[in-house]
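In what follows, every heavy atom counts, from backbone to side chain, and hydrogens, waters and symmetry copies are set aside. The shown structure was predicted, so the numbers you read here are calculated from the model rather than taken from an experiment.
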Amino acid sequence: DHPLARRRTLPWEKLEGHRLIFPGASSNNRPLLDHALAELAPRLTAFYEVQRSSTAVGLVAAGAGIAVVPRLAWQAGSYPGLRVVSLHTPVVGRTFSLISRKGAHLSPAAQALHDLILRHRDQGPR
């Protein structure tokens, strides 16, 4: 029911003045956001800071504000009443690497994850 939930995409600056839930100082995502949003930082202030994306999503579900979380943190169907809006300008992203030991045999679960990542690597964000 939030006014921004009607949008599919949104520039970061449109978050100004809203109750924001941001990653906390010890989150690995915080330095990335601080760097990418340096120009907007004085206008985008966190109402809550959390260490886990799952906590941020739970706070949104409870009506505490809107959260900035990585797309990978969102599990479709887990909160049917919530809406995901992609943020842009700037686009903030990370690069992930898949590493395995040469000649190593992966467990069935690790092999399934490896294969899944390789199948979806070129699809980009959804």
Side-chain angles (χ1 to χ4, degrees):
D1 61 349
H2 193 279
L4 298 180
R6 293 184 216 118
R7 306 279 302 266
R8 288 179 44 89
T9 64
L10 195 67
W12 283 89
E13 66 185 16
K14 295 292 185 185
L15 299 180
E16 184 179 348
H18 293 278
R19 291 172 57 124
L20 299 178
I21 303 165
F22 252 69
S26 64
S27 166
N28 289 332
N29 292 315
R30 185 57 179 266
L32 178 71
L33 289 172
D34 287 346
H35 181 284
L37 303 174
E39 289 182 25
L40 296 171
R43 298 188 321 251
L44 296 180
T45 57
F47 190 80
Y48 292 110
E49 288 189 4
V50 297
Q51 302 316 313
R52 304 241 180 257
S53 295
S54 58
T55 304
V57 173
L59 284 168
V60 173
I66 58 176
V68 174
V69 298
R71 183 168 295 280
L72 288 174
W74 178 249
Q75 295 177 2
S78 57
Y79 288 95
L82 300 187
R83 172 117 164 99
V84 175
V85 177
S86 296
L87 295 166
H88 62 83
T89 315
V91 172
V92 180
R94 295 174 79 163
T95 300
F96 289 89
S97 299
L98 179 62
I99 302 171
S100 62
R101 282 193 328 256
K102 187 175 183 179
H105 295 283
L106 299 175
S107 70
Q111 187 65 52
L113 177 61
H114 176 275
D115 296 345
L116 178 73
I117 291 169
L118 291 181
R119 275 196 311 273
H120 295 282
R121 69 179 166 204
D122 297 323
Q123 290 182 359
R126 289 184 275 162

Inter- and intrachain pairs under ring pair (Phe, Tyr, Trp, His ring centres under 6.0 Å), touching residues 75-116, at least two apart: none
Any side-chain heavy-atom pair of T9 and L87 under 4.5 Å: no
Below 4.5 Å, heavy atoms only, C-beta onward: do S54 and Q75 meet side chain to side chain? no
With heavy-atom distances below 4.5 Å as the criterion, would you say the side chains of V92 and N29 are in contact? no
Minimum heavy-atom distance between T89 and P11, given as atom pair plus value: CB-CB, 4.4 Å
Candidate pair W12 and L33, rule side chain to side chain contact (heavy atoms under 4.5 Å, CB included), full reasoning: CA-CA 11 Å; W12 283 89; L33 289 172; 3.7 Å; yes
Taking atom CD of Q111 as the centre, does the number of heavy atoms from other residues, nucleotides or ligands within less than 6.0 Å exceed 12? yes
Is the count of non-hydrogen atoms from other residues, nucleotides or ligands lying under 6.0 Å from H18 atom NE2 greater than 12? yes
Output the distance between atom CD (E13) and atom CD (E39), rounded to the nearest 0.5 Å. 11.0 Å
According to a 4.5 Å side-chain heavy-atom criterion applied to Ile, Leu, Val, Met, Phe, Trp and Tyr, with indirect links allowed, do V85 and L15 form part of one hydrophobic cluster? yes
With heavy-atom distances below 4.5 Å as the criterion, would you say the side chains of L44 and E16 are in contact? yes
Enumerate the residue pairs fulfilling salt bridge (Lys or Arg N to Asp or Glu O under 4.0 Å) with a member in residues 79-108, sequence neighbours excluded, ordered by first and then second residue. none
Measure across V60 and G65 and return the closest heavy-atom pair with its distance rounded to 0.1 Å. CG2-O, 3.4 Å
Nearest-0.5 Å distance that lies between atom CG in L37 and atom CG in L32: 8.5 Å
Rounded to the nearest 0.5 Å, what's the gap from CG on L116 to CZ on R121? Could you check? 12.0 Å
If Ile, Leu, Val, Met, Phe, Trp and Tyr residues are connected whenever their side-chain heavy atoms lie under 4.5 Å apart, and connections chain through other members, are V50 and V68 in the same group? no
Testing the basics here: between A38 and P42, what is the closest heavy-atom pair and its distance to 0.1 Å? O-CD, 3.9 Å
Run the numbers on L10 and L4 for side chain to side chain contact (heavy atoms under 4.5 Å, CB included), then give the verdict. CA-CA 8 Å; L10 195 67; L4 298 180; 3.8 Å; yes
State, with a plain yes or no, whether a side-chain heavy atom of L59 is found less than 4.5 Å away from one of F47. no
Please report the interatomic distance CG(L113) to CG(L106), rounded to the nearest 0.5 Å. 9.5 Å
Contact summary for P90 and A36, nearest pair of heavy atoms: CG-O, 3.4 Å
Nearest 0.5 Å, what's the OH-CD1 distance between Y48 and I66? 13.5 Å
Step-by-step side chain to side chain contact (heavy atoms under 4.5 Å, CB included) determination, R71 to V84: CA-CA 9 Å; R71 183 168 295 280; V84 175; 3.7 Å; yes
